[in-house]
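Shown next, in structure tokens, is the structure this report addresses.
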Protein chains: 2
Amino acid sequence: MISKACQYGIRAAIYIASRHNDGIKLNIKQIACEVDAPEAFTAKILQVLNKYHIITSLKGPYGGFFIEEFQLEQPVINIVNAIDGMSVFKECGLGLKQCSASHPCPMHDQYKIARDALQNAFQQTSIRHLAMQVNEGSSFINNLVLKN
Amino acid sequence: MISKACQYGIRAAIYIASRHNDGIKLNIKQIACEVDAPEAFTAKILQVLNKYHIITSLKGPYGGFFIEEFQLEQPVINIVNAIDGMSVFKECGLGLKQCSASHPCPMHDQYKIARDALQNAFQQTSIRHLAMQVNEGSSFINNLVLKN
DNA sequence: TTTATAAAAGATGGTTTTATCCTTTATAAA
DNA sequence: TTTATAAAGGATAAAACCATCTTTTATAAA
């Protein structure tokens, strides 16, 4: 559906957003650990997210990654766009180059419903909203079940 | 969303179904040509579909691929299952190993809607239905626009 | 200004997916 | 039975994706 890079990126962004208090900056090691993603690969992905102004980074001592107030309001689809591009929301389900309502593949109508639902899922959800759920403890961004 | 192999497989199956007249058998070269897919790769894919009894093949002269009456009624999801498996309809959108209604990732609810829509698209559509559309000329399985 | 730190950038390796080629097997007609 | 044909099966190659390592750059504190 979406690439692993994109999944890591979304989880990392949500984690960074969930720690948007004070002026706290998070380093790559901690982020990768918290979202169960490979460290070096996650570093590459966060580079891209920084370039697209989805998160912000600062080099040097006391540096790291963080998210600014205005960035919290962005829809998650911005992350998908930065890493995978928008083609998954546009392309034909059967891989045809030309497929549209006026020249459809046999599955066009049914597939479009699913494709649009996917786009809505990412479009209508803000990074802030997801981070709040994580902070509330009502949802999770790693594979560690912590019972206390 | 689904692999290229699976897209080629669905297009090939629809084409074979659309030629389900008399006892006609289609060879791999013709099928690959008609659905704009690489020939050798398509051969591998049709091998799998034959193994899963989604289509039928016969070796030797006057052999080839065809589809039997009972096979026409199968839902397209059988093809997806044969080639890609069912994981795309089950797995977490953010790549978590453990993600469910009771232990959800932050996008679980929204993503599940899209994932279920995709499953429905493939589950509720029979190979026969798609082949009929192609025969009617109301939908297409290749990239060649034929105007006459 | 020097030093330590953390991300950015570049090079490289491994795995999976996509794709092709060659040999073998099954089958039908001559 | 021989021969021609077409799919099956095995080996291999190319591309894309996933992942890591090393060097460079920016920055803040001492």
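Just so it is clear: chains get the letters A, B, ... in the order the sequence lines come, proteins before strands, and each one is counted from 1.
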- Task: Please say whether more than 12 non-hydrogen atoms of neighbouring residues, nucleotides or ligands are located less than 6.0 Å from NZ in B:K25.
- Result: yes
Using a cut-off of 4.0 Å on non-hydrogen atoms, how would the nucleic acid contact of [X] be classed: base, sugar-phosphate, or nothing?
X	result
B:I28	sugar-phosphate
A:I83	nothing
A:K29	nothing
B:I55	nothing
B:F41	base

Cut-off 3.5 Å, side chains only: do [X] and [Y] have a donor facing an acceptor?
X	Y	result
B:E68	B:T56	yes
A:Y15	A:R11	no
A:T125	B:Q110	yes
A:S138	A:Q133	no

- Query: Atom CD of A:Q7 to atom C1' of D:dC17: distance rounded to whole Å?
  - Reply: 13 Å
- Query: Which whole-number value in Å describes the distance from A:I45 CD1 to C:dA8 P?
  - Reply: 13 Å
- Query: B:K44 side chain: which of D:dG9, C:dG10, D:dA8 is closest?
  - Reply: D:dG9
- Message: Using a distance-only criterion (donor-acceptor N/O pair, under 3.5 Å, no hydrogens), is the base of C:dA6 paired with the side chain of A:K25?
- Response: no
- Task: Give a yes or no on whether a donor-acceptor pair under 3.5 Å exists between the nucleobase atoms of C:dA9, that is its base, and the side chain of A:Q47.
- Result: yes
- Would you say a side-chain N or O of A:N27 is under 4.0 Å from OP1 or OP2 of C:dT5? no
- Item | Nucleotide-level pairing of DNA chain D, given in dot-bracket where Watson-Crick and G-U pairs need both distances under 3.5 Å and | marks other strands | ||||||||||||||||||||||||||||||
